There are 2 protein chains.
Amino acid sequence: MAMSSKQKVYQGVLQEIRQYIDQQHLMPGDKLPSERELADTLQAGRSSVREALRAMELLGLIETKRGEGTFLSTYRPYQTVELLSSFILKEARTREDLYLAKKILEKEAAKLAFSRMNVQDLDKLEQLLYDPVMGPNDRHVAFFKYLFTKSENLLLARVWQLMEEFSHTINKLYYSKVFYIELVQLYSTKNYELIEPLFESLAVQDDDQFE
Amino acid sequence: MAMSSKQKVYQGVLQEIRQYIDQQHLMPGDKLPSERELADTLQAGRSSVREALRAMELLGLIETKRGEGTFLSTYRPYQTVELLSSFILKEARTREDLYLAKKILEKEAAKLAFSRMNVQDLDKLEQLLYDPVMGPNDRHVAFFKYLFTKSENLLLARVWQLMEEFSHTINKLYYSKVFYIELVQLYSTKNYELIEPLFESLAVQDDDQFE
DNA sequence: GCCGTAAAGTGGTCAGACCACCCTTAACCA
DNA sequence: TGGTTAAGGGTGGTCTGACCACTTTACGGC
């Protein structure tokens, strides 16, 4: 576990574990070797292994169950987001970056989903919009989650989800209700060319978020 | 350090440290109490404190210097994004997904950079295009790296860079030389509206990658 | 006052000891 | 035979104490 001498043990362990996951083709839900076993095979102390695992856990990469073991999880950065958001809050620069990036992804998802939209989808979207139970933010998430699913690009969806969770704790980022309605309208009237302008018309400000 | 009983100690420590930073108004570069001191005041084992600190370190929130102490670092959320994205990519990468997502980011970067382009920039880009030393792939990377810089959204740039690195291992993904030339042309003739169509005209296939 | 060395402080790491919890298994009883 | 229960072993959760390597500080001799 020596390596570049400057490398801390827990970082080495992190790499080894990642490698192990790759080599064994582990999928979410699969079990990792026990902490003691890892410590033994990697020739590291159990505390060092734990430091690596705790870091991974905080990132939402693994889940641990007392008495059972450590498992690969489907990526879910619940804790990370909360922790990081408290540090990010001040950086306006970051917020704008995030807002813009998110908007771009949402726009493209809307466009990708276009050709795959059928009547049932439109119903579902409208249903979402007029669901009295949902707040504006939940509606935004549900709405675009649906679009991302229809866009059939898992990578984009994941990246968006990550950004969504980040922005979620920092600030509420959704559009005016009119926006969603008009977008659905564009779907039903099959007006692809107007999607882009619709998004472009959104100002990059918090002010345009109203119910 | 009990709390909701389900809460692990290191998570509690994490919260306490965050609170401490807030209360003491610590700024980047400031020193945190030593691990032993934290363990003592928070009534937790040093190993638990270390698990919390290691996790924070992995997130880039703190830096540790052996023999000196632990310090708050200027927080760069992009490092985290990078780490998480690497896992997302591993899970979600499909050639088509990756190609499409990368193209989208490149398109948007091209559009964001538009209004910020001046004569020197155009020279630089043309220079890149006709550099005889570069292969088509290097040229692609250099070309868009420049555009992303001009677009001034570090987050998008990071995400793109990651995708770029991953696409290397899968396949070379670049456009025909005509494409780049036409894009520069659009910049010099200030024809914003044609950027989108130019990208749209690219087929989502490997075949359109030729010199 | 200056310099060098010892001491104290700090992160890095390991080993061992418990605890709480889960699951399997075997023994037990009806 | 079948179902229940108790025990054991495996696992993560946590703490303690012990070193090591390194940096800073303090002390003492010059």
Side-chain angles (χ1 to χ4, degrees), chain A residues 1-18 20-21 24 26 28-73 76 78-79 83, chain B residues 1-18 20-21 24 26 28-73:
Chain A
M1 199 92 298
M3 302 222 127
S4 59
S5 72
K6 274 294 181 184
Q7 176 96 309
K8 294 179 193 171
V9 173
Y10 92 92
Q11 291 172 331
V13 171
L14 210 50
Q15 283 200 317
E16 298 271 5
I17 292 177
R18 229 158 97 167
Y20 176 86
I21 292 172
Q24 301 293 315
L26 294 192
D30 288 349
K31 192 168 173 299
L32 281 157
S34 75
E35 295 179 353
R36 290 170 178 83
E37 193 178 333
L38 281 173
D40 197 48
T41 55
L42 299 182
Q43 297 187 54
R46 193 182 155 212
S47 51
S48 288
V49 171
R50 276 186 64 80
E51 287 181 8
L53 289 178
R54 258 1 87 212
M56 288 183 73
E57 184 181 64
L58 192 69
L59 288 177
L61 300 173
I62 58 173
E63 278 175 24
T64 57
K65 293 173 188 169
R66 176 189 240 143
E68 296 181 57
T70 305
F71 304 85
L72 241 74
S73 72
R76 213 167 299 285
Y78 44 94
Q79 318 220 10
L83 179 68
Chain B
M1 198 95 297
M3 302 222 115
S4 60
S5 75
K6 275 292 181 187
Q7 175 97 311
K8 295 177 191 172
V9 173
Y10 91 92
Q11 292 170 331
V13 171
L14 216 45
Q15 295 238 345
E16 298 271 6
I17 291 178
R18 189 180 61 177
Y20 175 85
I21 291 172
Q24 302 293 317
L26 294 193
D30 289 348
K31 191 167 174 298
L32 266 74
S34 75
E35 296 180 351
R36 290 170 177 84
E37 194 179 333
L38 281 173
D40 195 48
T41 54
L42 299 181
Q43 297 187 54
R46 192 179 156 214
S47 54
S48 289
V49 171
R50 276 186 65 79
E51 287 181 9
L53 289 178
R54 260 359 87 214
M56 288 182 74
E57 185 181 61
L58 193 68
L59 290 178
L61 298 173
I62 58 174
E63 279 174 22
T64 58
K65 293 174 187 168
R66 177 190 237 141
E68 296 181 56
T70 305
F71 303 85
L72 240 74
S73 71

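In the text below, chain A, chain B and the rest are named by the order of the sequence lines, each starting its count at 1. Since we're looking at a predicted model, the values are computed, not measured.
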Do we see a donor-acceptor contact under 3.5 Å between the side chains of B:Tyr10 and A:Glu57?
-> yes
OP1 or OP2 of C:dG11 sitting under 4.0 Å from any side-chain N/O of B:Thr70?
-> yes
Of the listed D:dT11, C:dG11, C:dC14, the closest approach to the A:Val9 side chain comes from C:dC14
Among side-chain atoms of A:Lys8 and A:Ser48, is any donor-acceptor pair under 3.5 angstrom?
-> no
Take atom CG of A:Leu42 and atom C1' of C:dC14, then tell me their distance rounded to the nearest Å.
-> 14 Å
Does OP1 or OP2 of C:dG12 have a side-chain N or O of B:Arg50 closer than 4.0 Å?
-> yes
Looking just at side-chain N and O atoms, do A:Glu35 and A:Thr70 make a donor-acceptor pair shorter than 3.5 Å?
-> no
Find the distance B:Glu68:CD to D:dT25:C1' and express it as a whole number of Å.
-> 13 Å
Checking C:dT10, C:dC14, D:dT14 against the side chain of A:Ser47 (C-beta onward), the nearest is C:dC14
Find the distance A:Arg66:CZ to D:dT11:P and express it as a whole number of Å.
-> 15 Å
Grab the CG-P distance between B:Leu53 and C:dT10 for me, whole Å please.
-> 13 Å
Minimum heavy-atom distance between A:Ile62 and A:Leu53, given as atom pair plus value = CD1-O, 3.3 Å
Mind checking A:Gly45 for me? I need base, sugar-phosphate or nothing, with any heavy atom below 4.0 Å counting as a touch.
-> sugar-phosphate
In terms of heavy-atom contacts, A:Pro28 and A:Ser73 come closest through CB-C, 4.1 Å
Which one, D:dG13, D:dT16, C:dG12, comes nearest to the side chain of A:Lys8?
-> C:dG12
Rounded off to whole Å, could you give me the NZ-to-C1' distance for the A:Lys31 and C:dC23 pair?
-> 12 Å
Please state whether the base of C:dG11 and the side chain of B:Arg36 form at least one donor-acceptor pair under 3.5 Å?
-> yes
Whole-Å gap separating C1' (D:dT14) and CD (A:Glu51) | 14 Å
With respect to the phosphate group of C:dT10, does any side-chain polar atom (N or O) of B:Thr64 fall under 4.0 Å of OP1 or OP2?
-> no
B:Arg46 vs C:dT13: side-chain N/O to OP1/OP2 distance below 4.0 Å | no
Give the rounded distance in Å between these two atoms: CD of A:Glu35 and C1' of D:dT14.
-> 11 Å
For D:dC15, take OP1 and OP2 only and decide whether either is under 4.0 Å from a side-chain N or O of B:Ser48.
-> yes
Could you give the OH-to-P distance, from B:Tyr10 to D:dC15, as a whole number of Å?
-> 14 Å
